[in-house]
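Worksheet for the structure shown next.
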Amino acid sequence: MTDFEMAMQELEALSNERMKKSYISNGAQEPLFGAATGKMKPIAKKIKGNQLIAEQLYATGNYDAMYLAGMIADTTSMTESDFERWIDAAYFYMLSDHVVSVTLAETDFAQAVADKWIASGEELRMSAGWSCYCWLLGNRKDEEFSTSKLAGMLEQVEKTIHDSPDRTKSSMNNFVYTVAISYVPLHERAVETAKAIGPVEINREKKKTSILLASENIQKALDRGQLGFKRKHVRC
């Protein structure tokens, strides 16, 4: 049995009906097993960095396998066209924002690709682009970013968020929050942007409309003493 077949078998052994229903309610489609992501870690440990298996897993179209692919991918060997291929196959936000953009955030060309996706006009690409910046800002040193560029992006969010597609709105809102907490040079500007934006309405299929309020979440994070928060690793 190949390592790929073994990984698929081990994923299937983690099948969980409740998790499966939860993923489907968020937009996942068959095929999927409903494996809890935390339980994938032992499988990932054995095959981490094996890009061939990562590609095989991602190509299955199985949500759990695609998630595992992101966990084990060798980002040093991935190219921009690989990420274009991955985003093309990312059919809902849990793939675009929590698999593709997270993996992209570990590359040297992350900002260039994210910029392209933000400008694409396609909901999930834009969402992944804004999300990628959130992962980057929460991990990399402030000096790795251009303050004027990020300030321009805050302005763009303020002007366009309410007219953007729902998933993109969510990631843009998260971007404002992340700049306020994780990028200290623009903390005040991001707080002002959050106030200017106000409540952001997200309509989700078969679910109640949700209201996002960046300013409230920023305040909660400040109360917890999280200003300047950076995480050690982007991927789990």
Side-chain angles (χ1 to χ4, degrees), residues 1-75 82-83 85-106 122-128 130-132 134-135 138 165-171 173-174 200-212 217 231 233-236:
M1 188 186 293
T2 65
D3 287 343
F4 161 68
E5 287 165 338
M6 204 144 60
M8 286 301 286
Q9 230 174 51
E10 288 178 32
L11 273 179
E12 192 169 2
L14 296 175
S15 290
N16 179 313
E17 272 310 308
R18 199 171 55 81
M19 288 300 289
K20 188 173 176 176
K21 276 183 188 148
S22 165
Y23 293 155
I24 289 171
S25 77
N26 278 294
Q29 297 162 5
E30 292 283 5
L32 76 160
F33 303 126
T37 52
K39 291 191 173 174
M40 293 183 191
K41 285 182 182 177
I43 310 173
K45 213 172 170 184
K46 289 186 278 191
I47 51 175
K48 199 164 180 63
N50 190 321
Q51 190 57 25
L52 179 66
I53 298 177
E55 289 293 357
Q56 286 177 304
L57 288 166
Y58 201 83
T60 61
N62 175 305
Y63 169 66
D64 305 278
M66 293 168 93
Y67 193 97
L68 180 61
M71 288 171 80
I72 69 160
D74 172 15
T75 52
D82 290 330
F83 281 100
R85 198 162 33 79
W86 276 37
I87 195 71
D88 279 341
Y91 64 86
F92 79 124
Y93 82 95
M94 284 166 70
L95 288 169
S96 60
D97 299 5
H98 302 297
V99 177
V100 185
S101 69
V102 183
T103 312
L104 175 63
E106 291 207 349
E122 291 172 37
E123 182 169 16
L124 291 180
R125 261 186 165 74
M126 292 191 289
S127 183
W130 290 106
S131 284
C132 184
C134 296
W135 295 111
D166 285 318
R167 269 326 316 172
T168 310
K169 272 186 194 173
S170 185
S171 297
N173 190 73
N174 197 26
V200 176
E201 199 173 287
I202 307 284
N203 297 299
R204 296 176 300 171
E205 260 183 75
K206 301 176 198 159
K207 288 191 177 184
K208 278 197 306 203
T209 296
S210 57
I211 303 291
L212 306 177
N217 290 335
R231 58 170 65 80
H233 304 286
V234 182
R235 287 187 295 170
C236 28

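- A donor atom on one side chain and an acceptor atom on the other are found under 3.5 Å apart for S171 and S127.
- Looking at E106, its side chain never comes within 3.5 Å of a backbone N or O of T103 through a donor-acceptor pair.
- Counting only heavy atoms from C-beta outward, the side chains of N50 and F4 never approach each other to under 4.5 Å.
- Considering every non-hydrogen atom in both L57 and A69, the closest pair reads CB-CB, 4.0 Å.
- When all heavy atoms are compared, the tightest approach of A105 to W135 is CB-CB, 3.7 Å.
- Counting only heavy atoms from C-beta outward, the side chains of S170 and R167 approach each other to under 4.5 Å.
- In this structure, OG1 on T75 lies 8.5 Å from CD on Q51, to the nearest 0.5 angstrom.
- Side-chain contact check for K20 versus N16: every heavy-atom pair is 4.5 Å or farther apart.
- Among the candidates T37, L95, V102, the single residue satisfying the side chain to side chain contact (heavy atoms under 4.5 Å, CB included) test with Y67 is T37.
- Atoms CD1 and CG, from I53 and D3 in turn, are 4.5 Å apart once rounded to the nearest 0.5 Å.
- In this structure, the side chains of M40 and M71 come closer than 4.5 Å at one or more pairs of heavy atoms.
- Atom CE of M66 sits about 12.0 Å away from atom CE of M94, to the nearest 0.5 Å.
- A salt bridge does not link K169 to E201: none of the charged nitrogens lies less than 4.0 Å from a carboxylate oxygen.
- Within the 4.5 Å cutoff, side-chain heavy atoms of I43 are placed close to those of L11.
- When atom types are taken as modelled, the side chain of S131 and the backbone of A128 share no donor-acceptor pair closer than 3.5 angstrom.
- Between E55 and R85, at least one side-chain N (NZ, or NE/NH1/NH2) sits under 4.0 Å from a carboxylate O, which counts as a salt bridge.
- More than 12 heavy atoms of other residues, nucleotides or ligands lie within 6.0 Å of CZ in R231, so this atom counts as buried by the packing criterion.
- Rounded to the nearest 0.5 angstrom, I47 CD1 and M6 CE are separated by 8.5 Å.
- The two residues V100 and A90 make their nearest non-hydrogen contact at CG2-CB, 4.0 Å.
- The pair E10-K39 does not count as a salt bridge, with every side-chain nitrogen at least 4.0 angstrom from each carboxylate oxygen.
- Between I24 and L32 the shortest side-chain heavy-atom distance falls below 4.5 Å.
- Not less than 6.0 angstrom separates the ring centroid of Y63 from the ring centroid of F33.
- A salt bridge links R125 with D88; the closest basic N to acidic carboxylate O contact falls under 4.0 Å.
- You'll find the side chain of T209 stays beyond 4.5 Å of the side chain of I202, heavy atoms only.
- In this structure, I87 CD1 and L104 CG are separated by 8.5 Å, a value rounded to the nearest 0.5 Å.
- Scanning all heavy atoms of the two residues, the minimum distance from G70 to V99 falls at CA-CG1, 3.9 Å.
- Note: D166 CG to R204 CZ = 9.5 Å, rounded to the nearest 0.5 Å.
- Side-chain atoms of Q9 and M1, non-hydrogen and from C-beta on, do get closer than 4.5 Å to each other.
- One N or O on the side chain of T168 and one on the backbone of E123 form a donor-acceptor pair closer than 3.5 Å.
- If you check the side chains of Y23 and D64, you find no donor sitting under 3.5 Å from an acceptor.
- Residue K21 qualifies as open at atom NZ: its count of foreign heavy atoms under 6.0 Å is 12 or below.
- The aromatic rings of W86 and Y58 lie parallel to each other, with less than 30° between the two planes, well short of the 60° mark.
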